Peer 1: 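Next up is a structure, given as structure tokens.
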There are 2 protein chains.
Amino acid sequence: MAGTSLSRSEAKELTRRRLIRAAFAILDEEGEAGLTTVKVAKAAGIAQSSFYVHFKDRHELLRALGDQAGERLRATMREARLKAHVAGDARGHRDAFRIPLEAICRHPELFRIGMRARHDPCSPLQEFAIQTAAAYRAHLAADLAAMGFPTESEHDRRRLEMVADGINSLTNTMAVGHLEGRYPDLEEVVDVLVAFSKGCLRALRAPAGRDGADHPQG
Amino acid sequence: MAGTSLSRSEAKELTRRRLIRAAFAILDEEGEAGLTTVKVAKAAGIAQSSFYVHFKDRHELLRALGDQAGERLRATMREARLKAHVAGDARGHRDAFRIPLEAICRHPELFRIGMRARHDPCSPLQEFAIQTAAAYRAHLAADLAAMGFPTESEHDRRRLEMVADGINSLTNTMAVGHLEGRYPDLEEVVDVLVAFSKGCLRALRAPAGRDGADHPQG
DNA sequence: TTTTTCACCGATAGTACTATCGGTGAAATT
DNA sequence: AATTTCACCGATAGTACTATCGGTGAAAAA
């Protein structure tokens, strides 16, 4: 092996990274209930008691996991914004859906963990998951406004939020289907997402649907 | 109090029901990690050891919870089918979205538990949650086919599944938003769901979109 | 009335995990 | 070279939960 001798701080940092990597793997495979100091330490190749050299307690590990996941997410969103700006209009539109899908596929374990934490009230990661969803929603809402959604009235803005929320969940659902092998062609997934959003855009730009004047009971 | 004297089997059945009710409450509030025999028994007002009079072990309780949730869901879906058949076309369309939403609002704790279990590999309820999602998807796919989605080719059928999957997740997401108070008007939620699905229907019935002939890479 | 059944109880053995403590040897510092 | 630092170790106290066991009293059966 090359470079066997590491400085003490380098070795510690490496061990810490091993712990976090092991924690993500366990979190993905066994859920939060399976994430014990015993298992994480063993998976990282150190004694259980040495876990506390790196983290004050179990809770601090979870906080570190959330931080790291958030960091990775922000990087992905920066990248997505950049690419979308560079690309043209129609192409940028497809990218707006493809890039998040690709990001999910790059780190599916992180995505799955987030999906789980989203609805788990006893998870320290729940707050992170909710903030993540909100951030992605805001990201999307800006794109949709640029696409032509009206944003004048209070009603319009709430509807925009609902649509962004919807497209977010659609993206997640399609990603799950893709990861489970049900929708193997990612371009087809993008097609469906585009159809959903474009269809919705068109339906909502037309002032009223076809069922009633506005909506029957206010 | 009236009818204080219950037969032994009646009293036992009542205690069992108290246990299940307590279990659902704890599952909703604290997640599956908080669902211990200690807490459930205490919440139901019996000794921890007496838990085992009613259930072989902790796992059997979870199975019972899944069974009960499934039973309630099937009843809801029967009801929805019935109402949709009775109602006319345009009205039935709105109902197809409103009825599941109302069912969710009737038992939000059950819904939340399902959402959580859906992505939790160590949950005995995961299988139930996945089957529930699949059943609802099938239910919806039939409705969509009736609405005019093409179902001839393999490609069409997969796309139909994707759309059903999508509408399912949209319904869930809107329900969450409604339960969290972000989308207080249920009719508006139905509007958005209708717009999504009708828009998608229209976009997909037209053979190709506007970005490319079919989809670039096959 | 006498006997049996059984839902419930308290106590407890066994298990798994958290977090602390003193010890150790190699890296870092002096 | 002598000393200090500290990442890691094994041992262990403390905690929470699961599941079993023998006992109890009232309902049910005889």
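Here is the naming used below: chain letters follow the sequence lines, and residue numbers restart at 1 for every chain. All of these numbers come straight from a predicted model, not from anything done at the bench. All heavy atoms count here, side chains included; hydrogens, waters and symmetry mates do not.
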Peer 1: Please determine which of B/T37, B/V40, B/T36 meets the side-chain contact (heavy atoms from CB on, under 4.5 Å) test together with B/Q48.
Peer 2: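 Exactly one pass, corresponding to B/T37.
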Peer 1: Less than 4.0 Å between a side-chain N and a carboxylate O, is that true for A/D191 and A/R94?
Peer 2: yes
Peer 1: Name the first nucleotide and the last nucleotide along DNA chain C (5' to 3') that come under 4.0 Å of a heavy atom in chain B.
Peer 2: C/dT5 to C/dA11
Peer 1: What are the two closest non-hydrogen atoms of A/L110 and A/R72, and how far apart are they?
Peer 2: CD1-NH1, 3.6 Å
Peer 1: Would you mind reporting whether B/V176 and A/H119 have side-chain heavy atoms less than 4.5 Å apart?
Peer 2: yes
Peer 1: Whom does C/dA26 pair with, Watson-Crick or G-U wobble, provided both distances fall under 3.5 Å?
Peer 2: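 Its partner is D/dT5 (Watson-Crick or G-U wobble, both distances under 3.5 Å).
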Peer 1: Is there side-chain contact between A/I104 and A/L179, with heavy atoms separated by less than 4.5 Å?
Peer 2: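 They are in contact (side-chain heavy atoms under 4.5 Å apart), so the answer is yes.
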Peer 1: Under 4.0 Å, heavy atoms only, any strand: does B/T36 hit a base, just the sugar-phosphate, or nothing?
Peer 2: sugar-phosphate
Peer 1: Strictly below 4.0 Å, heavy-atom distances to any atom of DNA chain C: list the hits from residues 7-18 of chain A, or just say none.
Peer 2: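 The answer is A/S7, A/R8.
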Peer 1: Hey, which of these two, A/S50 or B/T37, hits DNA chain D nearer its 5' end, going by closest nucleotide?
Peer 2: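 Checking each residue's closest nucleotide, the 5'-ward one belongs to A/S50.
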Peer 1: Can you give each donor-acceptor pair under 3.5 Å made by side-chain atoms of residues 130-142 of chain A, sequence neighbours left out, with the distance rounded to 0.1 Å?
Peer 2:
| from | atom 1 | to | atom 2 | distance (Å) |
| --- | --- | --- | --- | --- |
| A/T132 | OG1 | A/F128 | O | 2.8 |
| A/R137 | NH1 | A/D165 | OD1 | 3.4 |

Peer 1: Is the number of heavy atoms from other residues, nucleotides or ligands within 6.0 Å of CD (B/E60) greater than 12?
Peer 2: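 Counting neighbours around CD of B/E60, more than 12 heavy atoms of other residues, nucleotides or ligands fall under 6.0 Å, so yes.
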Peer 1: Do the side chains of B/F55 and B/R16 get nearer than 4.5 Å, heavy atoms only?
Peer 2: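 Counting from C-beta outward, B/R16 and B/F55 do come under 4.5 Å.
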Peer 1: Need the pair for D/dC21. Rule: Watson-Crick or G-U wobble, both distances under 3.5 Å, any strand; none if unpaired.
Peer 2: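 Pairing partner: C/dG10.
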